[in-house]
Each structure stands twice: as C-alpha cells, then as structure tokens.
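What follows is a set of notes on a single structure, which appears directly below.
In the text below, chain A, chain B and the rest are named by the order of the sequence lines, each starting its count at 1.
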Amino acid sequence: MTNQTQTSRTASGRYPAGAARAVRPAARRQPSGFVWVLPLLLLVGFVFNLPLLMTAASSLLDQKTGAVTVANFQEVAASKVYLPVVWRTIRIALVVSFACALIGYPLAYWMTGLSRRGQTVALAIIVTSFWVSILVRTYAWIVVLGNSGIVNRFLMSTGLTEKPVEFLYNELGVAIGMINVLLPFMLLPLFAAMLQVDPRLRQIAYTMGASSFQFFWRVFFPLTLPALGATFILISILSLGFYITPAILGGGKVPLIANMLDILINQFPRWNLAAAISLVLLVLTVGLFVAYQRLRRVE
Amino acid sequence: MNAHLAASRRRERLRRLPLATVGILVLLFLALPIIVVVPMSFSSAESLRFPPPGLSLRWYEAFFSDPLWLEAALNSLIIGVSSSTLALGLGTLAAYGIVRGTFRGRGALETNFISPMILPPVIIAVALYIFYARIGILGNYLALIAAHVVIAAPYVVLLMTLAIRSFDVRVEQVALTLGASRWQMMTRILMPNLLPNAAAAWLFAFVISFDEVVVTLFVSGTHLTIPKRMFNQLVLQINPTITAIATILIGFSLVAVALAAWLNRGSGFVPKAEGEGH
C-alpha cells in the first residue's frame with residue numbers, strides 16, 4: 001500500500017493518493033458525471049419524454065387508417081363542440097388570473113407593512129392553504145356555496161334574495177374554486193418580490209415631497225409590475241390545465257380542456273383527437289412559460 | 001415631538017384601514033375551506049350543514065370501517081413511500097451529476113427533469129394513458145408507481161441541486177484527495193451532511209405523490225388511491241365521510257410540510273420574511 005502510494009506520487013507528482021489521481025485529472029480533462037444523471041434520465045425518457053413524443057406523433061395520424069393527416073387539428077378548429085371549450089378555458093384562465101392579481105396584490109402589499117409576527121401568521125395561512133389537497137379545498141366550496149350552503153342561507157336570512165343564488169355548476173363557481181386554489185401561487189412570489197424593493201426608496205420619495213399615494217403609484221407599483229406580470233402568467237399556465245375544480249364545481253356543465261380530454265380518452269376512445277388537443281394545450285403552456293421566464297429575468 | 005409622532009402613527013394606521021380590511025378578507029377567503037371542513041368532520045348530522053348541529057366521530061368511524069377506503073389508504077401509502085423513495089434516490093444522483101458534472105447539456109437536462117412539474121398534469125395523463133395502453137401496461141401497479149416517480153422527482157431535483165450547490169465543493173475535494181472513492185465520498189461525506197435536505201425532499205415527494213389525482217385517474221386502472229376515491233365520490237354524491245378524510249389529510253400534509261420546511265431550513269427554499277426597515 002505504502003509502496004503503491006509512493007509510486008503514484010512519483011508518477012503524478014502533485015497528487016498524494018492513488019485513488020485521487022485516478023479521479024481528479026479525468027474530471028478535468030474530459031466531461032464527467034453523466035453516469036449520475038443516467039438512471040433518472042432513463043426513467044424520465046421512458047415514462048415522460050417518449051409518451052409525449054408518441055402523443056405528438058399520434059396527433060398527426062388518422063385513428064383508423066394510420067395515415068399522416070392534419071384532420072385531427074382541422075376537426076378541433078372547425079368543431080362546434082371542441083372550440084368553444086378551448087375558448088372557455090382561455091376565458092376562465094384570464095378571469096382567474098385577473099381576479100388573483102386584483103385580490104392578491106393588495107394582500108401582499110398589506111403584508112409588507114405588517115410586523116414580523118403578523119407576516120409569519122399571514123404566510124402560515126397562505127402556505128397551509130397551498131399544501132392542503134386541492135380536492136379538500138374544492139370540496140369545501142360545495143358546502144359553502146351550495147343551495148343550502150352558508151352563503152345562500154345568509155343571503156336568504158337577510159332577505160337579499162328569495163331563491164338561493166346559483167353559485168355552483170356554472171362558470172362562477174368554477175372560477176371561485178380556481179381562484180382559491182391558485183391564489184397562493186400569486187401571493188408567495190409577489191410578496192417575495194415586494195420585499196426586494198429597497199425600503200430606503202420610500203424615505204427618499206417622502207423626503208423629496210412625494211405623498212404616499214404618489215410613492216405607491218410612481219415608485220412601488222412600477223417596481224413590482226414585472227413580478228405581477230410573471231405571476232399573472234404563472235396563474236394562467238396553471239389555469240389552462242385545470243381538471244379537478246371544473247369537474248367537481250362545474251358538475252359536468254362547465255368542461256374545460258382537461259375535462260374534454262378525459263371524455264375523449266375515457267368515454268369515446270378518440271385518442272388521436274385527444275392527442276391533438278393536448279398538443280394545443282402543450283403549445284399554449286410552453287409559450288406562456290417562455291414569456292414567464294423572460295419576465296422573471298426582467299425582475 | 002412624541003405626541004406628534006403618535007398622532008401621525010394613528011393617522012397612518014387609519015389610512016391603512018381599507019387595505020387591512022381587504023387583506024384580512026382575502027386571507028379569510030384562503031382559509032375558508034379549512035375553517036369549514038375541519039369542524040364538519042366532527043358533525044353528528046347526515047347532511048352537510050355548517051355549523052354542525054352536534055359533535056360525533058361517526059364519519060371517522062365510517063372511514064375506518066369501510067374496507068374500500070382502507071384499501072385506498074394502503075395503496076396510497078405503498079405508492080407514496082415507494083415512489084418518493086425512488087424519486088429521492090434517482091433525483092439525488094441526478095442533482096449531483098447536474099451540479100458537479102462537467103458534461104454538456106446539464107441545463108437542458110435539468111429543465112427536462114423539472115418539466116413534469118410545470119406541464120399541466122392532464123397532458124402527462126393523456127400521454128401516459130396512450131403510451132401505457134399501446135404497450136399493454138395500463139392499470140399495472142408498477143407502471144403507476146413509475147408515473148408517480150416522474151411526477152415527484154422534480155421536487156427532489158430542485159431541492160437537492162440547491163442543497164448540493166450550497167455544500168462546499170472543497171470538502172468533497174479533500175475527501176477525494178485523501179483517497180476516498182467517489183462513492184465513498186457520496187455515502188460517507190456528502191449524504192450525512194445533506195441528510196436533512198434529503199429528508200425534506202423525501203417528504204415533499206411523498207406529499208406530492210400522496211395528493212396526486214389526475215394522472216392516477218387516467219392510468220391506475222382498477223387500483224384505488226385515497227384522492228382517486230375522493231374524486232370519484234365527489235363527482236357522484238356528497239358523502240360526509242369525505243370531511244373526515246379531508247381533515248386527516250389536512251393534518252397529515254401540514255405535519256409533513258412543517259417537518260420538511262424545518263429540516264430544510266436555511267437552504268433558501270422557504271421564503272424568508274424580512275421586515276421593512278422603518
């Protein structure tokens with residue numbers, strides 16, 4: 001052993017131990033480390049990349065003959081069934097993102113002015129909501145918004161309405177459920193971005209005679225606008241793929257793209273059409289994600 | 001001077017009152033599902049009334065005496081433990097390769113590993129359904145676990161790349177210089193140091209797998225999991241047993257995530273709150 005070490009030391013000169021000599025220069029001279037990523041790459045390649053590629057390929061095939069065709073995409077574009085669902089999904093995604101921005105921004109801004117303890121409490125509520133199963137959060141709205149739910153009993157007891165208001169099984173109910181699920185995705189990054197704003201800016205603005213109103217609209221809001229834009233896009237991305245909330249709170253009457261995919265796969269076996277629609281969804285998502293990354297860089 | 005300051009502070013507080021009202025209402029909106037579901041799980045009533053007319057544990061009894069719910073719970077545990085353990089192993093190795101490797105395309109590879117977290121689950125569900133059906137493993141238990149590993153692995157890769165990046169590379173170099181093999185260095189130096197992060201990553205992966213619904217609905221065949229059975233029941237009818245399961249799940253995910261955040265503290269994953277210097 002001693003002998004060997006000495007030989008290697010004389011051979012390499014700089015490296016005291018044989019084992020290290022074998023590892024270090026190799027790491028320097030040629031690319032290394034690929035073997036570490038290989039196991040996960042094999043799994044992801046087989047259970048993620050390959051299936052996605054197959055989906056993309058089958059969207060361009062005719063289900064019966066197997067011939068290459070764009071008929072699946074033409075059917076989506078011309079259909080009176082599928083296209084309205086795509087538009088509804090985009091519309092709800094926009095409404096949900098706007099609503100999240102509208103109620104999320106004031107909350108995040110209010111939180112920046114709280115004491116450390118107040119911030120911890122608010123963050124705890126947000127993070128708790130974030131980690132509670134989406135099924136649980138969706139389910140609760142049936143109890144809250146149903147015909148004999150809390151909101152309707154309150155409205156009827158105050159005499160504001162005679163009949164219960166239909167909150168569920170329409171776009172309004174789906175949107176409320178989605179806003180509740182997605183709001184933490186807006187609050188956490190937005191709050192983090194607001195804390196990045198240098199607090200001395202406020203003092204400088206006040207010293208130079210700005211009112212707090214002016215400070216907010218001319219300094220603070222423009223500085224946090226990229227973060228608001230980025231989280232807006234993030235919420236839109238997540239909204240486009242929503243499946244559970246529209247299925248439960250929409251009661252089958254408000255299908256979004258994901259619910260339509262479920263029907264095309266599990267009820268009528270029209271896999272190639274489903275593949276085409278999920279490719280449309282994929283392109284929308286990836287496009288928005290690229291925009292999101294751009295805005296994050298501006299931040 | 002002091003009186004003036006106190007007065008201006010009161011004015012400031014009054015000016016912030018509308019903002020505070022909005023903030024508290026929005027927080028209430030966020031917390032409402034939890035505020036409603038937890039008390040209702042202890043309700044004695046057959047219907048979903050809030051507040052509950054009386055207290056009982058009947059819905060917990062209904063859960064624990066239903067063989068289908070217990071089967072679903074067992075499956076969720078088996079799938080959750082096996083997939084998060086596999087995700088931790090494969091994800092940690094991959095994170096090490098991405099951070100310390102010198103081969104080209106590491107950034108692209110990292111994006112590839114993380115993308116199952118970014119894509120809508122329904123896209124993965126459709127792709128896996130078609131793929132599994134074509135090769136005849138739709139509804140296979142191991143295929144379901146493999147899908148869960150792919151979905152949970154991004155969280156491990158994210159957490160572990162952060163942890164390995166913040167671990168001083170010179171410690172590794174010293175170990176290698178002193179004659180340790182790379183494997184010895186990994187198991188005897190790196191892993192013991194990153195154990196809290198690894199435990200946190202495992203917990204996150206477990207919660208992700210345990211909560212997974214959409215992909216499971218598409219590819220699980222006849223196998224039940226807790227979220228799958230919950231979803232099927234919610235679409236069909238409203239059964240108060242679900243409030244009991246929901247409450248168990250809330251408690252369970254909170255404990256797991258609090259533990260994970262505590263284990264992973266200081267590595268920058270949990271947003272740190274910093275007061276605005278007054």
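- No part of Ile151(B) comes within reach of chain A, as not one of its non-hydrogen atoms sits under 4.5 angstrom from that chain.
- Contact annotation for Ala153(B): only side-chain heavy atoms (C-beta onward) come within less than 4.5 Å of a heavy atom of chain A.
- Counting heavy-atom pairs closer than 4.5 Å to chain A, the top-ranked of the candidates Leu19(B), Asp211(B), Val150(B) is Leu19(B).
- A 4.5 Å side-chain heavy-atom check between Thr138(A) and Leu135(A) finds every atom pair outside the cut-off.
- You'll find the side chain of Leu249(A) reaches within 4.5 Å of the side chain of Ile142(A), heavy atoms only.
- Heavy-atom pairs under 4.5 Å with chain A were tallied for Val157(B), Ile35(B), Leu32(B); the largest tally goes to Leu32(B).
- A 4.5 Å side-chain heavy-atom check between Met194(A) and Phe220(A) finds at least one atom pair inside the cut-off.
- Taking the six-membered ring where tryptophan is involved, the planes of Tyr243(A) and Phe218(B) are perpendicular, since the angle between them exceeds 60° and thus also 30°.
- Both the backbone and the side chain of Leu27(B) come within contact range of chain A, with heavy atoms under 4.5 Å apart.
- For Tyr155(B) and Phe206(B), the ring centers are positioned 6.0 Å apart or more.
- For chain A, the nearby parts of Leu30(B) are the backbone and the side chain; heavy atoms of each come within less than 4.5 Å.
- Looking at Arg153(A), only its side chain comes within 4.5 Å of chain B, counting heavy atoms on both sides.
- For an aromatic pair to be called close, the ring centres must be under 6.0 Å apart, and Phe289(A) with Tyr292(A) satisfies this.
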For Ile135(B) and Met54(A), run side chain to side chain contact (heavy atoms under 4.5 Å, CB included): C-alpha distance rounded to whole Å, both residues' side-chain angles, the deciding distance at 0.1 Å, then the answer. CA-CA 12 Å; Ile135(B) 62 171; Met54(A) 269 182 67; over 6 Å; no
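- Heavy-atom distances place both the backbone and the side chain of Ile98(B) under 4.5 Å from chain A.
- Under the 4.5 Å side-chain criterion, counting only non-hydrogen atoms from C-beta, Gln293(A) is not in contact with Val290(A).
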Please list, one pair per line, the donor and acceptor atoms closer than 3.5 Å that link side chains of residues 110-120 of chain B to other protein atoms, with sequence neighbours excluded.
from: Thr111(B); atom 1: OG1; to: Gly107(B); atom 2: O; distance (Å): 2.9
from: Asn112(B); atom 1: OD1; to: Asn49(A); atom 2: ND2; distance (Å): 2.8
from: Asn112(B); atom 1: ND2; to: Asn49(A); atom 2: OD1; distance (Å): 3.0
from: Ser115(B); atom 1: OG; to: Thr111(B); atom 2: O; distance (Å): 3.3
from: Ser115(B); atom 1: OG; to: Asn112(B); atom 2: O; distance (Å): 2.7

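- Heavy-atom distances place no part of Phe242(A) under 4.5 Å from chain B, backbone and side chain included.
- When heavy atoms are compared at a cutoff of 4.5 Å, Asn266(A) approaches chain B solely by way of its side chain, counted from C-beta outward.
- Taking Ser58(A), Pro106(A), Gly149(A) one by one and counting their heavy-atom pairs under 4.5 Å with chain B, the maximum is reached by Pro106(A).
- Listed options Val136(A), Val44(A), Leu52(A), Asn180(A) were ranked by heavy-atom pairs under 4.5 angstrom with chain B; first place goes to Asn180(A).
- When heavy atoms are compared at a cutoff of 4.5 Å, Thr55(A) approaches chain B solely by way of its side chain, counted from C-beta outward.
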Listing, residues 121-129 of chain A side-chain donor-acceptor contacts under 3.5 Å, not counting sequence neighbours, or none:
from: Thr128(A); atom 1: OG1; to: Ala124(A); atom 2: O; distance (Å): 2.5

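- Heavy atoms of Val47(A) lying under 4.5 Å from chain B belong to its backbone as well as its side chain.
- Using a 4.5 Å cut-off between heavy atoms, Tyr129(B) touches chain A through its side chain atoms alone.
- Of the two parts of Ser212(A), only the side chain, counted from C-beta on, holds a non-hydrogen atom closer than 4.5 Å to a non-hydrogen atom of chain B.
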Set out, in order, the CA-CA distance, both residues' side-chain angles and the distance that settles side chain to side chain donor-acceptor pair (under 3.5 Å) for Thr216(B) and Thr225(B), then state yes or no. CA-CA 8 Å; Thr216(B) 309; Thr225(B) 65; 5.0 Å; no
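- Heavy atoms of Ile208(B) lying under 4.5 Å from chain A belong exclusively to its side chain.
- Of all the listed residues (Pro51(A), Ala247(A), Ala56(A)), the one sharing the greatest number of non-hydrogen pairs under 4.5 Å with chain B is Pro51(A).
- In summary, the aromatic rings of Phe29(B) and Trp141(A) are positioned with their centroids under 6.0 Å apart.
- Residue contact with chain B, scored on non-hydrogen atoms closer than 4.5 Å, involves the backbone and the side chain of Ser133(A) alike.
- Contact annotation for Tyr132(B): only side-chain heavy atoms (C-beta onward) come within less than 4.5 Å of a heavy atom of chain A.
- In terms of heavy-atom pairs under 4.5 Å with chain A, the best-connected choice from Val207(B), Leu128(B), Leu249(B), Thr92(B) is Leu128(B).
- The contact between Ile176(A) and chain B is made by backbone and side chain atoms together, counting heavy-atom distances below 4.5 Å.
- Looking at heavy atoms from C-beta onward, Phe185(A) lies out of side-chain contact with Ile237(A) at the 4.5 angstrom threshold.
- With a threshold of 4.5 angstrom between heavy atoms, Ile248(A) approaches chain B through side-chain atoms but not through N, CA, C or O.
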Determine, stepwise, if the pair Asn152(A) / Leu145(A) fulfils side chain to side chain contact (heavy atoms under 4.5 Å, CB included). CA-CA 7 Å; Asn152(A) 267 320; Leu145(A) 297 175; over 6 Å; no
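- Of the residues considered (Val149(B), Val126(B), Val22(B), Leu25(B)), Val126(B) shows the highest number of contacts with chain A, using heavy-atom pairs under 4.5 Å.
- For Phe103(B) and Phe34(A), the distance between ring centers is under 6.0 angstrom.
- Heavy atoms closer than 4.5 Å to chain B are found nowhere in Ile257(A), neither backbone nor side chain.
- In this structure, the portion of Ile150(A) lying under 4.5 Å from any heavy atom of chain B is its side chain and not its backbone.
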